[in-house]
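Sharing a structure, written as structure tokens. Questions coming.
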Amino acid sequence: MEVQALLITFREALEALLIVGIITSYLKRVGHQEYTKYVWLGAGLAILASVGVAILFQVVFTGFAAMGSETYLKIGIMFVSAILLTQMVFWMAEHSRDMKKSVEGKMDQFITAGNVIGMVIHSFLVVLREGVETVFFFAAITHGNIGAAMQGWGATTGIAVAAVVSYLFFKGTMRIPLKTFFKVTGAFIVLIAAGLLVQGISMLQDLNIIGSVMPHVYDLTWLLPEHPIDYEHYLRDHGVAPVFSGEVGVFLKALFGYSSMPSLEEVIAYIGYFVVIYLLVANRNTKKNAEKNAEQTKTVVQALEPKKKKVM
């Protein structure tokens, strides 16, 4: 859980800090530092609002638990989180290139109009979006115990690393492109999303809401049990200990959704998820190449037009 919390918090906090940093740096560059306090005011209010959302979410979850329906809420959160995590990765890949230009353009509009409230609201919404997403993802990876994720070392470390990276970025001392950072962390986020998807399917099967054509495609308990209890049971029944500890299995299950005895539906969902991701990435790259070729063709045509006029 802590590694998941670290990766999620790092991504969300870094995105928020980068946007706020772009805004404050731009205000300083154009000589309007007096507006910086309003940007940080909006960001601070968003942090408080995010904490409020976390408390509200926990209250709602506790209410579902009292009615005996928390399992269904957990499953729903897992599926929605898998979708949101995937969307987050693609959104950042799509907008990271023109993020600076877009944010600065928005600030120009606020400065020209003297719209202080607009600046506060803009920074508030930017940070609040990341905060609410973090709360939702924490609910998914902890099965509803948001406080455990917020108080653990993973969340704290994620925020600290994001702060250091954003500081080095704006000081100009970080040589590794942020695009590389987002690609690497994005790969881990996608693995987490796939794990949440599979865990949701597994829980549905445990509740007999959906059946299974093949309950156990394979059994890797002898190699890597997914829980210490499975480790103890295997040792008791076979007289030989599995190769790896059940603690390792718990870690991999929490991080990537590992299962030592997955059903056919879990295997299909896991593989199918990555097939869909591959197709989406391939389609996005095809569109980008087509747009790039169209732009190059347009440039060539525009360069040739004056020559045609001279010939005529």
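If you're wondering where the values come from, they're calculated on a predicted model, not measured in any experiment.
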*Would you say Tyr273's side chain and Ala82's backbone share a donor-acceptor pair under 3.5 angstrom?*
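Not a single qualifying donor-acceptor pair exists.
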*Show your working on side chain to side chain contact (heavy atoms under 4.5 Å, CB included) between Trp222 and Leu220 and close with a plain yes or no.*
CA-CA 5 Å; Trp222 63 271; Leu220 294 179; 4.1 Å; yes
*Which distance, rounded to the nearest 0.5 Å, do you find between the OG1 of Thr86 and the CG of Leu280?*
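Output value for this atom pair is 9.0 Å.
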*Which pair of heavy atoms, one from Val217 and one from Ser263, lies closest together, and at what distance?*
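Val217 and Ser263 have their closest heavy atoms at CG2-C, 3.6 Å.
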*asked:* As an exercise, state the distance from OG1 of Thr221 to CE of Met261, rounded to the nearest 0.5 Å.
replied: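 One finds 4.5 Å between OG1 of Thr221 and CE of Met261.
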*Where is the tightest heavy-atom contact between Gly31 and Gln33, given as atom of each residue plus distance?*
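It is C-OE1, 3.4 Å.
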*Kindly work out whether a path of hydrophobic side-chain contacts (I/L/V/M/F/W/Y, heavy atoms less than 4.5 Å apart) joins Tyr72 to Ile83.*
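No, separate clusters.
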*Identify whether Val243 and Ile229 are in the same connected component of the hydrophobic contact network (ILVMFWY, side-chain heavy atoms under 4.5 Å).*
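In one cluster with Val243: Ile229, no.
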*Shortest non-hydrogen contact from Gly42 to Ser123?*
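Closest approach of Gly42 to Ser123, heavy atoms only: CA-OG, 3.3 Å.
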*Closest heavy-atom contact between Pro225 and Asp230?*
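Smallest interatomic distance, heavy atoms only, reads CB-CB, 3.8 Å.
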*asked:* Under the criterion side chain to side chain contact (heavy atoms under 4.5 Å, CB included), I'd like the reasoning laid out for Val165 against Leu17: C-alpha separation, chi angles, the key distance, then a yes or no.
replied: CA-CA 10 Å; Val165 170; Leu17 287 171; over 6 Å; no
*Is the count of non-hydrogen atoms from other residues, nucleotides or ligands lying under 6.0 Å from Phe57 atom CZ greater than 12?*
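For Phe57, atom CZ is crowded (more than 12 foreign heavy atoms under 6.0 Å).
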Atom pairs and distances, side-chain donor-acceptor, residues 231-242, under 3.5 Å, sequence neighbours left out:
| from | atom 1 | to | atom 2 | distance (Å) |
| --- | --- | --- | --- | --- |
| His238 | ND1 | Tyr234 | O | 3.2 |

*Measure across Pro228 and Val250 and return the closest heavy-atom pair with its distance rounded to 0.1 Å.*
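Looks like CD-CG2, 3.4 Å.
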*Hey, is the main chain of Leu6 close enough, under 3.5 Å, to the side chain of Thr9 for a donor-acceptor pair?*
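No; zero donor-acceptor contacts below 3.5 Å.
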*Apply side-chain contact (heavy atoms from CB on, under 4.5 Å) to Ser25 and list each qualifying residue two or more places apart in sequence or on a separate chain.*
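Ser25 satisfies side-chain contact (heavy atoms from CB on, under 4.5 Å) with Phe170 once adjacent residues are dropped.
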*Check the pair Ile75 / Leu207 against side chain to side chain contact (heavy atoms under 4.5 Å, CB included), numbers first and verdict last.*
CA-CA 11 Å; Ile75 295 171; Leu207 293 172; 3.8 Å; yes
*asked:* Using 0.5 Å steps for rounding, measure from the OG atom of Ser259 to the CG atom of Leu252.
replied: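 Ser259 OG to Leu252 CG: 11.5 Å, rounded to 0.5 Å.
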*Residues two or more places apart in sequence or in another chain: which of them pass side-chain contact (heavy atoms from CB on, under 4.5 Å) with Ser202?*
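Residues passing side-chain contact (heavy atoms from CB on, under 4.5 Å) with Ser202: Asp206, Glu266.
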_Listing request: all side-chain hydrogen bond (donor to acceptor under 3.5 Å, both in side chains) pairs with a residue in residues 243-255, at least two apart in sequence or in separate chains._
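For residues 243-255: Glu226-Lys253.
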*asked:* Quick check for you: to the nearest 0.5 Å, what is the distance between Phe79 atom CZ and Gln199 atom CD?
replied: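 Nearest 0.5 Å value for the CZ-CD distance: 10.5 Å.
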*Crowding at CD1, Ile117 (>12 non-hydrogen neighbours, <6.0 Å)*: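 At most 12 heavy atoms, drawn from other residues, nucleotides or ligands, come within 6.0 Å of this atom.
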*Quick one: OH on Tyr278 to CG on Asn283, what's the gap to the nearest 0.5 Å?*
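The OH atom of Tyr278 sits 11.5 Å away from the CG atom of Asn283.
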*Would a hydrophobic clustering, with Ile, Leu, Val, Met, Phe, Trp and Tyr connected at side-chain separations under 4.5 Å, put Ile159 with Val132?*
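Not linked; separate clusters.
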*Considering only heavy atoms from C-beta outward, does the side chain of Phe90 approach that of Val281 to under 4.5 Å?*
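Counting from C-beta outward, Phe90 and Val281 do come under 4.5 Å.
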_Is it the case that over 12 heavy atoms from other parts of the model lie below 6.0 angstrom from the OH atom of Tyr258?_
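Yes, the 6.0 Å shell around OH holds more than 12 heavy atoms from other groups.
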*Hydrophobic cluster membership, Tyr38 vs Leu128, 4.5 Å side-chain cutoff*: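 Linked, Tyr38 and Leu128 end up in one cluster.
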*asked:* Just verifying a value: how many Å separate Glu12 CD and Ile189 CD1, rounded to the nearest 0.5 Å?
replied: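 The CD1 atom of Ile189 is 8.0 Å from CD of Glu12, to the nearest 0.5 Å.
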*Output, in order, the C-alpha distance, side-chain angles, deciding distance and verdict of side chain to side chain contact (heavy atoms under 4.5 Å, CB included) for Ile192 and Phe137.*
CA-CA 10 Å; Ile192 291 173; Phe137 299 148; over 6 Å; no
*Enumerate the residue pairs fulfilling side-chain hydrogen bond (donor to acceptor under 3.5 Å, both in side chains) with a member in residues 105-122, sequence neighbours excluded, ordered by first and then second residue.*
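Applying side-chain hydrogen bond (donor to acceptor under 3.5 Å, both in side chains) to every pair that reaches into residues 105-122, excluding sequence neighbours, yields Tyr26-Asp108.
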_Met119 to Ile111 - nearest heavy-atom pair and separation_ =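 Reported closest heavy-atom pair: CE-CG1, 3.7 Å.
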*asked:* Counting the benzene-type ring for Trp, do Tyr270 and Phe274 have ring centres under 6.0 Å apart?
replied: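 Centroid distance Tyr270-Phe274: below 6.0 Å, so yes.
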*Is there a chain of hydrophobic side chains (I, L, V, M, F, W, Y, each step under 4.5 Å between heavy atoms) that links Val276 to Met78?*
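They do share one cluster, since a chain of ILVMFWY contacts under 4.5 Å joins Val276 to Met78.
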_List the residues meeting side-chain contact (heavy atoms from CB on, under 4.5 Å) with Leu48, not counting sequence neighbours, and say none if there are none._
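Listed in chain order: nothing, the list is empty.
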